[in-house]
Amino acid sequence: MNEFYALMNRMRLIERWGLMHRTRGENVAEHSLMTAMLAHSLALLENKLSDEKVDAERAALMGLYHEAAEVLTGDLPTPVKYYNREITRAYKDIERKAEEKICESVPDILKDDLCGYIRQERSGKIAAVVKAADKLAAFIKCEEEKRAGNTEFDSALKSTLAELKASKLKSVEFFLKEAVGSFELNLDEYFEVKK
């Protein structure tokens with residue numbers, strides 16, 4: 001039996017930010033879609049702004065599947081995941097095993113095509129772009145909570161912004177300067193700005 005699609009459908013059931021008070025919930029499916037779109041755009045921007053080329057379509061698909069393991073592991077909160085090296089190493093091992101288990105569920109005819117996205121690349125430019133897209137999606141969520149008056153996300157907002165700036169990616173610099181501000185606009189304001 002090929003359980004892959006049923007497993008991926010469960011991404012919508014995994015809530016993010018489990019230890020935080022949220023004004024609006026966010027699930028792994030929503031986050032993964034946003035990460036995929038951001039990874040695609042960041043890769044396209046890297047291709048225009050830097051000398052090193054990134055496969056934008058691969059980045060998008062890596063972003064789409066970057067949390068696939070969480071259908072088996074759940075979303076472990078960042079402060080727990082990175083509490084110390086031993087916990088981080090153990091959790092990364094669990095994530096890799098979950099990725100392998102998910103790959104076992106992929107129809108045989110598609111294993112070569114899909115498992116390359118489910119098994120996340122952990123080094124290189126494409127991995128840096130997908131990680132930055134993941135952080136950018138988290139930053140956007142933190143900003144959304146801040147605008148709603150929720151101070152619970154203040155620390156996460158600061159640390160996520162620091163990580164984004166530390167990435168040294170030209171695409172991230174561009175996005176933070178040119179695009180992040182538009183998330184503060186409502187739909188009417190967006191069209192007023194465009195006139």
Distance-only donor-acceptor hits, side chain of residues 123-140, under 3.5 Å, sequence neighbours excluded:
| unit_1 | atom_1 | unit_2 | atom_2 | d |
| --- | --- | --- | --- | --- |
| K125 | NZ | E46 | OE1 | 2.9 |
| D134 | OD1 | H31 | NE2 | 2.6 |
| D134 | OD1 | H66 | NE2 | 3.1 |
| K135 | NZ | E163 | OE1 | 3.2 |

Can you tell me how far the [atom1] atom of [X] sits from the [atom2] atom of [Y], to the nearest 0.5 Å?
X: L38; Y: L45; atom1: CG; atom2: CG; value: 10.5 Å
X: R12; Y: N27; atom1: CZ; atom2: CG; value: 9.0 Å
X: L42; Y: M37; atom1: CG; atom2: CE; value: 12.0 Å
X: T160; Y: E143; atom1: OG1; atom2: CD; value: 10.5 Å

Give the minimum heavy-atom separation between [X] and [Y], together with the two atoms involved.
X: E144; Y: R24; result: OE2-NE, 3.5 Å
X: G116; Y: M62; result: O-SD, 3.6 Å
X: D55; Y: R58; result: OD1-N, 3.1 Å
X: V71; Y: L7; result: CG1-O, 3.2 Å
X: E30; Y: G25; result: OE1-O, 4.1 Å
X: C103; Y: K111; result: O-NZ, 2.8 Å

Indicate yes or no: at least one non-hydrogen side-chain atom of [X] is less than 4.5 angstrom from one of [Y].
X: M8; Y: I102; answer: yes
X: N2; Y: S105; answer: no
X: T35; Y: L64; answer: no

Does [X] reach the main-chain N or O of [Y] with its side chain, forming a donor-acceptor pair under 3.5 Å?
X: T88; Y: K81; answer: yes
X: N47; Y: V54; answer: yes
X: R16; Y: I14; answer: no
X: R96; Y: R119; answer: no
X: N150; Y: H21; answer: yes
X: R89; Y: N84; answer: no

Polar side chain donor-acceptor pair, Y91 to T73, under 3.5 angstrom: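 The criterion, which ignores hydrogens and geometry beyond distance, is satisfied for T73 and Y91.
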Please check if any side-chain donor atom of E67 sits under 3.5 Å from a side-chain acceptor atom of S32, or the reverse.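 Looking only at side-chain atoms, S32 and E67 do not form any donor-acceptor pair under 3.5 Å.
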Would you kindly confirm whether [X] and [Y] end up in one hydrophobic cluster when ILVMFWY residues are joined by side chain heavy atoms under 4.5 Å apart?
X: L61; Y: V28; result: yes
X: Y5; Y: L33; result: no
X: L72; Y: L13; result: no
X: I109; Y: Y65; result: yes
X: M34; Y: M11; result: no

With salt bridge (charged side-chain N to carboxylate O under 4.0 Å, His left out) as the criterion, how do R22 and E26 come out once you've worked through the C-alpha distance, each side chain's angles and the decisive distance to 0.1 Å? CA-CA 9 Å; R22 297 155 297 194; E26 179 185 49; over 6 Å; no
When the side chains of residues 172-181 are checked against the rest of the protein, which donor-acceptor pairs come out under 3.5 Å, sequence neighbours left out?
none

Would you say [atom1] of [X] has more than 12 non-hydrogen atoms from neighbouring residues, nucleotides or ligands within 6.0 angstrom?
X: K92; atom1: NZ; result: yes
X: K101; atom1: NZ; result: no
X: D112; atom1: CG; result: no
X: K53; atom1: NZ; result: yes
X: R10; atom1: CZ; result: no

Run the side-chain contact (heavy atoms from CB on, under 4.5 Å) test against M20 and tell me which residues pass, sequence neighbours left out.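 Once residues adjacent in sequence are excluded, the partners of M20 under the side-chain contact (heavy atoms from CB on, under 4.5 Å) criterion are W17, E152, F153, A156.
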Verdict with supporting geometry, I87 and Y82, side-chain contact (heavy atoms from CB on, under 4.5 Å): CA-CA 7 Å; I87 290 173; Y82 297 106; over 6 Å; no
Under a 4.0 Å N-O cut-off, is there an ion pair linking D154 with K158?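 No salt bridge links D154 with K158.
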